[in-house]
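A short write-up of the structure that comes next.
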Amino acid sequence: MPVVLAPLLVEVLLTFALLLCAGGGLAGAGRGVSPRSMAPGGLRADGCAAAYRAELELPVLLYVLTLVSIVTRHADLMFVMLAAVFVALRVLHAGVLVTGGAATGGAARRAGLLHVASAIVLAVAWGLFAISILLRV
C-alpha cells in the first residue's frame with residue numbers, strides 16, 4: 001500500500017512547498033516589494049503563486065483516482081507508474097513556472113506542453129481504471 005501512495009505524497013509535498021514559496025512573496029508584497037523578487041531562494045513569488053494555483057486544479061483528479069483505486073483494489077503497478085510520471089511532469093511544470101521562465105515565449109510553451117502531457121498521462125490512468133472497473137478485471 002505505501003508504494004501506491006508514494007506519488008500522491010510527492011504531489012502533496014510539491015503543493016505545500018509551492019504554498020510556502022508563494023506565501024513568502026505575499027508577505028513581502030505588503031511591504032511594497034515586488035512579488036517577482038520576494039520568494040525564497042531567488043524564485044519568483046508570482047511564479048510560485050501560479051504553480052500553486054495549477055497544483056489545485058488537475059492534480060485533484062490524481063487524488064481522487066488514487067483513493068478510488070485503493071478502495072476498489074484496482075491500484076496496480078501500471079497505476080503507480082502512470083501516477084509517478086504524472087507527478088514528475090507536474091514537478092517539471094512547477095519548475096518552469098517558479099523560475100520565472102514562463103514569462104518568455106519558449107518557457108511558456110514548455111510549461112504548456114508539460115501541462116498537456118501531464119493531463120494526457122492522467123487521462124490514460126483514468127481510462128485504464130474505467131476499463132478495469134467496467135470489465136471487472
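None of these values were measured; they are calculated from a predicted model. Counting from 1, the numbers follow the sequence of the chain as shown.
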For a 4.5 angstrom cut-off between non-hydrogen side-chain atoms, does Pro59 reach Thr15?
no
Given Leu18, which of Leu56, Leu97, Val98 fulfils the side chain to side chain contact (heavy atoms under 4.5 Å, CB included) condition?
Val98
Val85 side chain near Leu89 side chain, heavy-atom distance below 4.5 Å
yes
Does Ser132 have any side-chain hydrogen bond (donor to acceptor under 3.5 Å, both in side chains) partners at least two apart in sequence or in another chain, and if so, which?
none
Keeping the roles fixed (side chain from Trp126, backbone from Leu61), state whether a donor-acceptor pair exists under 3.5 Å.
yes
Report, as yes or no, whether the 6.0 Å neighbourhood of atom CZ on Phe16 holds more than 12 heavy atoms from other residues, nucleotides or ligands.
no
Are Leu9 and Val87 joined in one hydrophobic group, where the rule is that I, L, V, M, F, W and Y side chains link up if heavy atoms are under 4.5 Å apart?
yes
For His93 and Arg110, does a side-chain donor sit closer than 3.5 Å to a side-chain acceptor?
no
Minimum-distance pair of heavy atoms, taken over all atoms of Val96 and Ala107
CG1-O, 3.4 Å
With clusters defined by side-chain heavy atoms of hydrophobic residues (ILVMFWY) lying less than 4.5 Å apart, directly or transitively, does Val64 cluster with Leu67?
no
Atom of Val80, atom of Val4 and distance for their closest heavy-atom approach:
CG2-CA, 3.9 Å
Hey, quick one: are Val121 and Met81 part of the same hydrophobic cluster, counting side-chain heavy atoms closer than 4.5 Å, chains of contacts allowed?
no
In Å and rounded to the nearest 0.5 Å, what is the CD1 to NE2 distance from Ile133 to His74?
4.0 Å
Sole candidate of Leu77, Asp76, Leu82 that passes side chain to side chain contact (heavy atoms under 4.5 Å, CB included) when paired with Phe79:
Asp76
Can you name the closest pair of heavy atoms from Leu14 and Ala94 and give their distance?
CD1-CB, 4.1 Å
Could you go step by step and tell me if Leu8 and Leu5 meet the side chain to side chain contact (heavy atoms under 4.5 Å, CB included) rule?
CA-CA 5 Å; Leu8 180 77; Leu5 292 174; 4.0 Å; yes
Clusters formed by hydrophobic residues whose side-chain heavy atoms approach within less than 4.5 Å: which one holds Leu113, and what are its other members?
none
Measuring from atom CZ of Arg90 to atom CG of Leu62, what distance do you get when rounded to the nearest 0.5 angstrom?
10.5 Å
The test is side chain to side chain contact (heavy atoms under 4.5 Å, CB included); show your working for Ser69 and Phe129 and say whether it passes.
CA-CA 8 Å; Ser69 293; Phe129 173 76; 3.7 Å; yes
Identify whether Leu128 and Val68 are in the same connected component of the hydrophobic contact network (ILVMFWY, side-chain heavy atoms under 4.5 Å).
yes
